[in-house]
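This report refers to the structure that appears directly beneath it.
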Amino acid sequence: MRKILTSEFFDRDAKKIARELLGKYLVRRHHSLIRENKRIMKRGRNDAFMITETEAYDGPRDKASHASRGKTKRNAPMFGLPGRWYVYLCYGTYEMLNIVIGKGGYPAAILIRGAGSHKGPGKLTKALRIDREFNNKIADKKTGLWIEDRGVKIFPKDIIRTPRVGVHYAKEWAGKPYRFLIKNKIQPLVMKGTKAKP
DNA sequence: ACGATGATGAAC
DNA sequence: TTCATCATCGTA
């Protein structure tokens, strides 16, 4: 089973999706030009990483969310269509990867904090070479970054819920258990170089 | 425990 | 235009 998740999947409750994304695969397509028999050939490679940690940012009232102070140039993708990427720079250094959730006009997104063996949202994007070029792009093969269901089931006993990281300022929203992570490492976490057509 | 780092949004 | 803040990370 290998199914690319589309806007229908992401047009549902943010917390529910954040939990369901555990065990799904973040797939990154890399292109490279190679020289072969005096010809320039385009080579593609898909690297897939099982998502291990997520955080939900749900609605305009969520004080931990960028959307809590209304629509701005930066957070506009959160107010847009589900199934697109929201990528922004954090602390001047790290690119944060989010998938947009919910209908247009309702601002929500899920931060992908861990996938494969990569722990931490900043390290993940650096390792996969993800930056703001992906901002507001559709999560599909054409974009080169998408999410797949590969049939892995994560059971409730293997899931931990905690408050979100680094949102102490968010008052009553700071303690809400909107962070989901897999308790024990479950194989396979990484699938490198899966076959891809040019 | 803290500094690097620079974009962001609000205040002025 | 200035200023405080920040969905992080590596070093200590």
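Remember, it's a predicted structure, so these values are computed and weren't measured experimentally. In what follows, chains carry the letters A, B, and so on, assigned in the order in which the sequence lines appear, proteins first and then strands, with residues in each chain numbered from 1.
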Take atom CG of A:L89 and atom C1' of B:dA7, then tell me their distance rounded to the nearest Å. 6 Å
For nucleotides 5-7 of chain C, give me every protein contact, N/O to N/O, under 3.5 Å, one pair per line with atom names.
unit_1: C:dA7; atom_1: OP1; unit_2: A:H66; atom_2: NE2; d: 3.3
unit_1: C:dA7; atom_1: OP2; unit_2: A:Y169; atom_2: OH; d: 2.1
unit_1: C:dA7; atom_1: N9; unit_2: A:Y88; atom_2: OH; d: 3.1
unit_1: C:dA7; atom_1: N7; unit_2: A:H66; atom_2: NE2; d: 3.3
unit_1: C:dA7; atom_1: N1; unit_2: A:N98; atom_2: OD1; d: 2.5
unit_1: C:dA7; atom_1: N3; unit_2: A:Y88; atom_2: OH; d: 3.1

Does the cation-pi check pass for A:R12 over A:F9, that is, NZ or CZ under 6.0 Å from the six-membered ring centre and within 45° of its axis? yes
Where do A:V100 and A:L81 come nearest, in terms of heavy atoms and distance? CG1-O, 3.3 Å
Which atoms of nucleotides 1-4 of chain C (N or O only) lie under 3.5 Å from a protein N or O atom, and what are those distances?
none

Would you mind classifying the nucleic acid contact of A:T93 as base, sugar-phosphate or nothing, using non-hydrogen atoms under 4.0 angstrom? base
Can you tell which of A:R69, A:K15, A:R164, A:K176 makes a salt bridge (charged side-chain N to carboxylate O under 4.0 Å, His left out) with A:D62? A:R164
Nearest whole angstrom, please: distance from the P of B:dT8 to the OH of A:Y94. 18 Å
Determine the contact category for A:R132: base if any of its heavy atoms lies under 4.0 Å from a base atom, sugar-phosphate if only primed atoms, P, OP1 or OP2 are that close, otherwise nothing. sugar-phosphate
May I ask you to verify if any side-chain N or O of A:K123 is less than 4.0 angstrom from the OP1 or OP2 atom of C:dG10? yes
Could you tell me the separation between the CD atom of A:E95 and the P atom of B:dT5, rounded to a whole number of Å? 16 Å
Any side-chain donor paired with an acceptor under 3.5 Å for A:T162 and A:R179? yes
Does A:D149 use its side chain to pair, donor to acceptor, with the backbone of A:G151 at less than 3.5 Å? yes
Between A:L145, A:N136, A:N135, which is the residue that forms a side chain to side chain contact (heavy atoms under 4.5 Å, CB included) with A:W85? A:L145
Which of these, A:N46, A:L5, A:V27, sits in a side chain to side chain contact (heavy atoms under 4.5 Å, CB included) with A:E148? A:V27
Is the NZ or CZ atom of A:R19 both under 6.0 Å from the centre of the six-membered ring of A:F180 and within 45° of that ring's axis? no
Closer than 4.0 angstrom, basic N to acidic O: yes or no for A:E53 and A:K119? no
What dot-bracket string describes DNA chain C from 5' to 3', counting Watson-Crick and G-U wobble pairs whose defining distances are under 3.5 Å, with [ ] for crossing pairs and | for pairs to another strand? ||||||.||||.
With a 4.0 Å cut-off on N to O distance, would you call A:R129 and A:D131 a salt bridge? no
To the nearest 0.5 Å, what is the distance between NZ on A:K3 and CZ on A:R150? 14.0 Å
